[in-house]
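Data block below; observations after.
Excluded from the calculations below are hydrogen atoms, water molecules and symmetry mates; all remaining heavy atoms, backbone and side chain alike, are included. Naming: A, B, ... by sequence-line order, numbering from 1 per chain.
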Amino acid sequence: MTDNDLKLFVDIVSNYFAKIVDEAPLLDEPVIEFTPPKLLDYSGFIQISGSDDGCVYITMPRNFAVSFLRRTGEMASDDALLSDFVGEMASTIASNARERFGTQFKISVPRTLVGGQQPPFSVPGTRFVLPIRWEGRTAQLGLGVFSSVEAVRAS
Amino acid sequence: MSAGRDVFKRPRDFDDRALGVSLRPYEWEVLLALDGRTPFVQLLRRMGLDELDADDVADELTGKGLMDQCVVTYGEFMREREVGSKSVELQRVPPPEPVATPVAVVAPPVSNGSPSAGAPAQAVQSSVAAAEPRLRATIKPQPPRLSFSVKPTSKPVMPRVAVGITGYKLKPLLDFIIDQAGGKALPKIAAQLAVYRVFRRVPRELVLADNIHTLRIGDPTLEVHNKELYDAIVRAIESTFGVKYESNAANTATG
């Protein structure tokens with residue numbers, strides 16, 4: 001996966017925000033994370049396979065998800081709804097990525113995680129984590145590509 | 001990991017990292033009690049948690065990125081060492097001897113016919129004066145910030161660990177990566193992703209061994225302390241871009 005491929009995911013998320021809430025989010029200084037992902041209250045993962053395998057995820061605190069949902073007109077904010085919402089967001093990212101990448105990569109069905117629990121599937125050990133600030137709250141977009149060593153271990 | 005003697009602190013973005021993390025209540029207490037000075041095992045003891053295994057707790061909390069081990073550069077180490085030596089010297093100053101010199105005492109005026117305030121009165125006055133606290137200036141040295149102890153010696157001894165303790169700056173490497181990926185014209189996010197593309201090739205074990213859990217791409221003060229790690233980053237740059245990294249050339253390019 002090249003820088004451009006990775007950048008495409010950032011663009012997709014930015015565009016998603018711009019479309020849904022009519023406002024581009026502020027992208028903070030990214031970090032490279034070497035420890036297991038620090039997931040927030042609601043997370044949506046999509047796994048990617050192709051020339052390189054990896055994953056893309058978005059994770060957000062409850063108040064971020066609630067505000068975002070309210071902006072779309074939904075006033076309820078129970079766990080199931082918020083989880084569905086994050087899943088839908090990941091799903092939109094996935095389908096946009098499928099459109100852009102064509103057959104180059106296989107994009108999995110999104111998986112959602114609630115309560116900061118660690119994913120029950122393997123995630124690249126080194127990840128690019130981009131904080132997304134919107135209305136004073138911060139979500140994170142995570143991108144990870146398995147290293148060749150990880151890929152060998154997994155196979 | 002033998003964390004007991006190590007000193008830990010909360011990372012700068014602790015509040016952000018703590019979001020959404022679930023821990024046992026005592027673990028939060030421990031995190032909030034970290035002061036960057038007290039050895040971890042001592043901290044647990046002070047909190048009445050000495051039945052816990054300091055290594056296990058430290059592993060768990062550092063693994064979640066909620067606390068960082070305090071490490072110091074050579075310069076900081078020497079400064080702290082100097083403060084430590086001074087504090088030890090001050091503590092070793094012997095207490096003042098009891099005053100031996102006679103104290104002049106002026107006997108109070110006595111009225112005529114009253115019993116003479118002779119020698120016994122003088123003796124009483126003299127002993128009272130000797131017993132009265134004298135003014136003393138006590139200089140309390142600041143408590144040392146670091147946990148290591150320093151034995152006072154007449155001659156300063158250079159620490160054997162000092163060689164190579166100063167970090168290797170990453171900025172020239174990061175500038176080189178951005179240059180290779182397309183230079184300043186590159187959109188910021190693409191440049192940052194190029195840095196990620198290099199670091200994903202660096203063995204994670206080496207990074208974690210250098211106590212790096214996250215790396216802020218935009219931080220110009222970034223440095224690593226392990227030559228092996230530095231070399232691994234250079235190799236990753238070379239294999240990502242198929243070029244040879246020459247540190248002088250990159251430094252010059254950076255300006």
Closest approach of [X] to [Y] (non-hydrogen atoms, all atoms of both residues):
X	Y	result
K7(A)	A190(B)	CD-CB, 4.0 Å
R200(B)	F146(A)	NH1-O, 3.0 Å
G63(B)	P36(A)	O-CD, 3.9 Å

Hits for side chain to side chain donor-acceptor pair (under 3.5 Å) against E27(B), two or more places apart or cross-chain, chain-then-number order -> R24(B)
Is it the case that over 12 heavy atoms from other parts of the model lie below 6.0 angstrom from the [atom1] atom of [X]?
X	atom1	value
D22(A)	CG	no
E228(B)	CD	no
R133(A)	CZ	no

Rounded distance [0.5 Å steps], CZ in F199(B) versus CD in E33(A) =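 Spacing of CZ (F199(B)) from CD (E33(A)) equals 14.5 Å.
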Quick one: pull up CZ in F9(A) and CG in L193(B) and give me the separation to the nearest 0.5 Å.
->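 Answer rounded to 0.5 Å: 11.5 Å.
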Within residues 212-219 of chain B, residues adjacent to chain A where the heavy-atom gap is under 4.5 Å = I212(B), H213(B), T214(B), L215(B), R216(B), I217(B), G218(B)
Are F34(A) and V202(B) close enough, and set up right, to give a side chain to side chain contact (heavy atoms under 4.5 Å, CB included), and what steps lead you there?
-> CA-CA 10 Å; F34(A) 300 95; V202(B) 177; 5.8 Å; no
Per-residue contact mode, P203(B) against chain A (heavy atom under 4.5 angstrom) | neither
Answer with side chain, backbone, both or neither: which region of T35(A) has an atom nearer than 4.5 Å to a non-hydrogen atom of chain B?
->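 Both backbone and side chain.
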What residue in K64(B), R201(B), Q192(B) has the most heavy-atom pairs under 4.5 Å with chain A?
->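 Most pairs with chain A among the choices: Q192(B).
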Chain B interface, residue from I32(A), L130(A), T59(A), T126(A) that has the most non-hydrogen pairs under 4.5 Å |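 Maximum pair count with chain B is reached by I32(A).
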By ring pair (Phe, Tyr, Trp, His ring centres under 6.0 Å) - contacts of F85(A) (at least two apart) =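 Partners of F85(A) under the ring pair (Phe, Tyr, Trp, His ring centres under 6.0 Å) test: F68(A).
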What residues, two or more places apart in sequence or in another chain, satisfy ring pair (Phe, Tyr, Trp, His ring centres under 6.0 Å) together with Y42(A)?
-> none
